[in-house]
Protein chains: 2
Amino acid sequence: MKEIAPDMKQKIKSIAIQLFYQKGYHACSISNIAERAGIQKSSIYYHYLNKEELLYGILKDTMDDLNQSLDESLVNVKGTEARLIAMIRTHLNFHMDRQKEVIISDSELRGLTSDNLRSVLRMRDDYDRKMRDIIREGIAEGLFINRDPRVVANAIITMCTQSSLWYNPRGNLSKEEIIDIYTKIIFEGIRDRK
Amino acid sequence: MKEIAPDMKQKIKSIAIQLFYQKGYHACSISNIAERAGIQKSSIYYHYLNKEELLYGILKDTMDDLNQSLDESLVNVKGTEARLIAMIRTHLNFHMDRQKEVIISDSELRGLTSDNLRSVLRMRDDYDRKMRDIIREGIAEGLFINRDPRVVANAIITMCTQSSLWYNPRGNLSKEEIIDIYTKIIFEGIRDRK
DNA sequence: GTCTATATGTGGATAGAC
DNA sequence: GTCTATCCACATATAGAC
């Protein structure tokens with residue numbers, strides 16, 4: 001079980017994440033990936049059926065992990081507000097931890113064809129629905145403002161999602177500080193109440 | 001001055017907006033555009049120097065219009081809070097009115113090279129700075145919560161920006177209703193205070 | 001201002017040797 | 001599992017006729 005260097009299949013995937021993120025899926029060629037991996041482009045096809053399978057693998061795994069993170073973070077958490085807080089925390093942490101993959105997930109869906117696209121969209125919808133359901137419950141319980149749950153959920157999710165675009169692990173704000181700011185804004189707004 | 005049909009240069013641009021939005025810049029070829037315009041691909045080059053110039057024209061004009069809309073909406077508006085409310089309204093209206101163009105602007109920056117890229121980034125920075133400055137003022141005046149202005153401004157802008165991704169002009173929510181929800185969330189948060 | 005024809009490069013992908 | 005060699009389609013872009 002000596003696993004010093006990651007095997008080539010994983011190495012190719014890592015490089016693809018880096019390059020799809022940097023240049024975009026369509027602007028990044030199989031040659032580009034092969035070059036970085038130190039192999040010939042034809043060798044890529046030993047590990048992956050085609051370019052789309054490479055993209056699909058990235059998106060699928062990312063969505064799987066995201067959904068799993070969410071589920072785990074909600075185990076034994078009771079109460080609508082506490083659950084929403086946990087969701088926000090998890091969503092932000094995930095998007096700051098896996099910036100490149102979530103950026104690819106959010107921008108390269110168009111690179112997938114029929115079945116693969118459907119599969120990833122279903123995963124994304126599952127995730128979004130969990131968020132909407134919490135908002136809906138909160139509204140029903142009179143905890144949250146009574147506005148269209150879809151719009152409210154969307155506003156919250158997308159606001160947090162964008163952290164992937166600017167968060168800098170070497171910046172002067174910790175993830176905890178950022179989570180604090182977002183949670184505060186989401187629940188209380190930006191108006192200072194002293 | 002008979003301008004019944006838009007001239008071909010404008011027609012090409014409109015088609016490019018539609019296709020860059022649908023398929024992405026790199027996945028959309030000059031042939032695709034020419035086909036829709038009912039001309040040969042070589043004819044595109046009579047109107048535009050190259051493909052990048054076409055993209056640049058879209059991004060530049062969009063950013064120009066966005067900046068201009070913002071400036072106009074702030075004329076004679078006094079007070080930090082009123083100015084921020086006006087900015088939010090303008091940003092949302094613009095992103096719901098010009099969905100395709102702003103989506104392209106947010107996703108295809110990588111298609112630009114050096115000078116064009118710098119130029120568009122400068123416009124975007126100008127815009128972002130205006131938002132940050134308002135937040136900064138509000139914090140200084142004790143109106144807004146005292147958190148990192150960059151993060152707060154970013155959270156607000158990006159939340160509103162995403163409206164371009166889901167807003168449906170034929171949906172059951174008017175732009176005014178959406179503006180109301182967002183403004184409410186930004187200032188008061190989602191917690192219901194009865 | 002649009003056409004036909006073409007140059008030139010590069011893309012994704014496959015065949016078959018080692 | 002990686003290589004060399006190659007196929008074929010399509011990309012951007014140009015030249016020059018009408």
Side-chain angles (χ1 to χ4, degrees), chain A residues 1-59 104 108-117, chain B residues 1-59 104 108-117:
Chain A
M1 260 310 178
K2 45 179 173 179
E3 281 251 304
I4 297 169
D7 65 316
M8 184 55 77
K9 181 163 186 169
Q10 184 53 47
K11 183 177 179 183
I12 291 168
K13 190 181 173 190
S14 300
I15 293 169
I17 290 172
Q18 175 64 35
L19 292 184
F20 290 170
Y21 159 74
Q22 257 179 35
K23 313 171 57 152
Y25 176 67
H26 279 103
C28 165
S29 71
I30 296 288
S31 296
N32 296 152
I33 297 169
E35 201 175 356
R36 284 250 190 144
I39 56 177
Q40 294 301 309
K41 60 179 177 175
S42 58
S43 304
I44 302 273
Y45 292 91
Y46 173 80
H47 300 282
Y48 294 92
L49 203 64
N50 52 38
K51 192 183 175 187
E52 182 182 339
E53 198 194 67
L54 194 43
L55 177 63
Y56 176 65
I58 295 168
L59 300 200
I104 296 170
E108 302 293 2
L109 263 177
R110 284 176 302 199
L112 299 180
T113 53
S114 52
D115 284 354
N116 289 338
L117 179 61
Chain B
M1 261 306 178
K2 44 179 175 180
E3 281 249 303
I4 298 168
D7 64 317
M8 185 55 76
K9 181 161 186 171
Q10 184 53 46
K11 183 177 180 183
I12 291 168
K13 190 181 171 188
S14 301
I15 293 168
I17 290 171
Q18 175 64 35
L19 292 183
F20 289 171
Y21 159 74
Q22 259 179 34
K23 315 170 54 153
Y25 175 67
H26 279 104
C28 166
S29 71
I30 295 287
S31 296
N32 296 152
I33 297 169
E35 201 174 356
R36 284 248 190 146
I39 56 176
Q40 294 300 309
K41 59 182 175 175
S42 58
S43 304
I44 303 273
Y45 293 91
Y46 173 80
H47 301 282
Y48 295 92
L49 202 64
N50 51 39
K51 193 183 175 187
E52 182 181 340
E53 198 194 67
L54 193 43
L55 177 64
Y56 176 66
I58 295 168
L59 301 198
I104 297 170
E108 302 295 3
L109 262 177
R110 286 174 299 197
L112 299 180
T113 52
S114 51
D115 282 355
N116 289 338
L117 179 61

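All figures in this text were calculated on a predicted structure; none of them were measured in a lab. Quick note on labels: first sequence line is chain A, next is B, and so on, each numbered from 1.
Here the OG atom belonging to A:Ser31 is positioned 9.0 Å from the CD1 atom belonging to A:Ile33, to the nearest 0.5 angstrom. Separating the CD1 atom in B:Ile44 from the CG atom in B:Leu49 is a distance of 13.5 Å, to the nearest 0.5 Å. Annotation: the span from B:Gln22 atom CD to B:Asn32 atom CG amounts to 10.0 Å, rounded to 0.5 Å. Separation of atoms NZ (B:Lys41) and CD1 (B:Ile30) is listed at 9.5 Å; rounding is to 0.5 Å. For the atom pair OH of B:Tyr25 and CZ of B:Arg110, the computed distance is 12.5 Å after rounding to the nearest 0.5 Å. Rounding to the nearest 0.5 Å gives a distance of 10.5 Å between OG1 of A:Thr113 and OH of A:Tyr56.
Between B:Lys11 atom NZ and C:dT2 atom C1' the separation is 13 Å, expressed in whole Å. Nucleotide C:dG1 holds its C1' atom 13 Å from the CD atom of B:Gln40, rounded to whole Å. One can place CG of B:Leu55 at 12 Å from P of D:dT12, the figure rounded to the nearest angstrom. Atom CG in B:Leu54 sits about 13 Å away from atom C1' in D:dT12, given to the nearest Å. Between A:Ile33 atom CD1 and C:dA13 atom P there is a gap of 11 Å when expressed in whole angstrom units. Spacing between atom OH of B:Tyr48 and atom C1' of C:dT2 amounts to 16 Å, rounded to whole angstrom units.
Of the side-chain N and O atoms in B:Ser42, none sit less than 4.0 angstrom from OP1 or OP2 of C:dC3. Distances shorter than 4.0 Å separate none of the side-chain N or O atoms of B:Tyr46 from OP1 or OP2 on C:dT2. An OP1 or OP2 oxygen of D:dA13 is reached within less than 4.0 angstrom by a side-chain nitrogen or oxygen of B:Tyr45.
Of the residues near DNA chain C, B:Ser43 and A:Glu52, the one whose nearest nucleotide (by heavy atom distance) lies more toward the 5' end is B:Ser43.
For B:Lys13 and B:Tyr48, the positive end is not near the middle of the six-membered ring at less than 6.0 Å and at most 45° from its axis.
Of the candidate nucleotides C:dC3, D:dC3, D:dG1, D:dG1 has the atom lying nearest to any side-chain atom of A:His47.
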What pairs of nitrogen or oxygen atoms, one from the protein and one from nucleotides 6-11 of chain C, lie under 3.5 Å apart?
unit_1	atom_1	unit_2	atom_2	d
C:dG11	OP1	A:Ser29	OG	3.3

